[in-house]
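Proteins come first, then strands; the chains are lettered A, B, ... in the order of their sequence lines, and each starts at number 1.
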2 protein chains.
Amino acid sequence: MKLINQLSKETGLPIATIRFYEKSGLFKGQKKKGNTTNNYTYYDDAVSEKLYLIRDAKSVGFTLSEIKELIDALYSKRISKSRKIEILNAKLLQINEKIKELNGVKKQIAYLKSEVEKYDC
Amino acid sequence: MKLINQLSKETGLPIATIRFYEKSGLFKGQKKKGNTTNNYTYYDDAVSEKLYLIRDAKSVGFTLSEIKELIDALYSKRISKSRKIEILNAKLLQINEKIKELNGVKKQIAYLKSEVEKYDC
DNA sequence: TATAAGTATAAAGTATACTTCATACTTTAT
DNA sequence: ATAAAGTATGAAGTATACTTTATACTTATA
């Protein structure tokens with residue numbers, strides 16, 4: 001079980017950002033039970049996994065609410081299996097869409113680059 | 001030459017958004033010269049192209065300032081050819097990165113989906 | 001010809017995603 | 001044992017990317 005500092009070093013995300021994500025309901029840490037002196041929050045490996053997913057999904061244009069929907073579909077116990085599969089399939093389609101768009105943009109830039117190479121001075 | 005309404009219909013972007021992009025320096029329309037009665041702005045096909053590029057690049061996680069840099073590298077006359085090529089190559093690398101990340105996220109989701117299918121009830 | 005629809009502009013407002021600040025307590029290092 | 005570093009929490013502040021509002025003028029349509 002990790003403290004927030006370790007989580008931050010692992011993922012490269014600032015502590016404040018991790019706190020913000022937790023507050024946004026993307027995952028939850030745990031408080032230690034019993035007569036402890038402090039109020040620290042502990043995180044397990046599943047949280048790290050979610051943070052990596054958040055980080056990568058964000059960088060390719062998913063919003064936090066889309067990512068929350070995704071994480072819920074993957075881990076929540078209050079969503080039926082069939083509904084989960086439904087959501088996950090939709091996300092996979094969305095990802096394929098994004099890959100198509102990226103290839104489109106790439107092609108466009110490559111073409112325009114060749115134009116720049118040919119004519120521009 | 002098109003008016004903003006036509007541009008909006010073409011690209012699916014709201015008029016206010018197009019105005020915002022123009023104000024942000026992503027492209028420029030032209031005013032008609034001479035003794036005209038109105039103050040309308042006209043746009044050519046190059047602007048449409050830029051808007052499509054903006055739309056797609058945004059949806060895959062590029063920020064407006066990254067997109068501005070890209071558009072400047074493609075169309076500006078105040079940037080040297082070698083510098084343009086440099087910027088364009090960097091953008092192409094960034095796109096390859098994003099494609100990699102997307103495939104990573106896709107793989108991860110597909111894997112977790114198979115887990116959901118196996119064990120979840 | 002009037003009225004509805006389109007265009008221009010500036011400014012204020014909103015949503016998202018953080019980031020910083022202030023305060024207070026806990027743990028670690030010297 | 002005390003100073004430095006880590007953690008918690010709530011609130012305020014900031015950046016980006018729009019979106020809405022208000023006002024005024026122009027063009028198209030019934």
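Remark: B:Leu92 engages A:Lys106, A:Ile109, A:Lys113, B:Asn89 in a side-chain contact (heavy atoms from CB on, under 4.5 Å) (not counting sequence neighbours). In this structure, the side-chain hydrogen bond (donor to acceptor under 3.5 Å, both in side chains) partners of B:Thr41, at least two apart in sequence or on a different chain, are B:Lys31. For B:Lys100, the salt bridge (Lys or Arg N to Asp or Glu O under 4.0 Å) partners at least two apart in sequence or on another chain are B:Glu97. Listed by chain and number, the residues in a side-chain hydrogen bond (donor to acceptor under 3.5 Å, both in side chains) with B:Lys98 amount to none (sequence neighbours excluded). Considering only residues two or more places apart in sequence or on other chains, B:Arg83 meets the salt bridge (Lys or Arg N to Asp or Glu O under 4.0 Å) condition with B:Glu86.
Counting only residues at least two apart or on different chains, the salt bridge (Lys or Arg N to Asp or Glu O under 4.0 Å) pairs with a member in residues 42-65 of chain B are B:Lys2-B:Asp45. The salt bridge (Lys or Arg N to Asp or Glu O under 4.0 Å) analysis of residues 64-74 of chain A, with sequence neighbours excluded, yields the pairs A:Lys68-A:Asp72, A:Glu69-A:Lys91.
As a whole-Å value, the separation of A:Ile18 CD1 from D:dG6 P is 14 Å. Residue A:Met1 contributes atom CE, which lies 14 Å from atom P of D:dT7 at whole-angstrom precision. Atom-to-atom, CD1 of A:Ile15 to P of C:dC21 comes out at 16 Å; the value is rounded to the nearest Å.
Counting side-chain heavy-atom gaps under 4.5 Å among Ile, Leu, Val, Met, Phe, Trp and Tyr, the cluster of B:Met1 also holds B:Leu3, B:Tyr40, B:Tyr42.
Looking at DNA chain C, the stems built from 3 or more consecutive Watson-Crick or G-U wobble pairs, each pair with its key distances under 3.5 Å, are C:1-30 with D:1-30.
Each of A:Lys23 and A:Ile4 has a nearest nucleotide on DNA chain D; the 5'-most of these lies closest to A:Ile4.
No donor-acceptor distance shorter than 3.5 angstrom exists from the side chain of A:Ser24 to the backbone of A:Leu26, with no hydrogens or angles considered.
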Contact pattern, 5' to 3', of nucleotides 13-30 of chain D - B, S or - by protein heavy atom under 4.0 Å: ----BBBB-----BS---
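The side chain of B:Arg19 places an N or O atom within less than 4.0 Å of a non-bridging phosphate oxygen (OP1 or OP2) of C:dA8. Distances shorter than 4.0 Å separate some side-chain N or O of B:Thr41 from OP1 or OP2 on C:dA8.
In this structure the side chain of A:Val60 never reaches within 4.5 angstrom of the side chain of A:Ile95, judged on heavy atoms.
Among the protein residues, A:Lys31 comes within range of the sugar-phosphate backbone only, with heavy atoms under 4.0 Å from sugar or phosphate atoms but none that close to a base.
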Considering only nitrogen or oxygen atoms on both sides, find all protein atoms under 3.5 Å from nucleotides 28-30 of chain C and state each distance.
none

Side-chain atoms of residues 13-22 of chain A: list all donor-acceptor pairs with protein atoms under 3.5 Å, sequence neighbours left out, distances to 0.1 Å.
from, atom 1, to, atom 2, distance (Å)
A:Glu22, OE1, A:Tyr43, OH, 2.6
A:Glu22, OE2, A:Gly29, N, 2.8

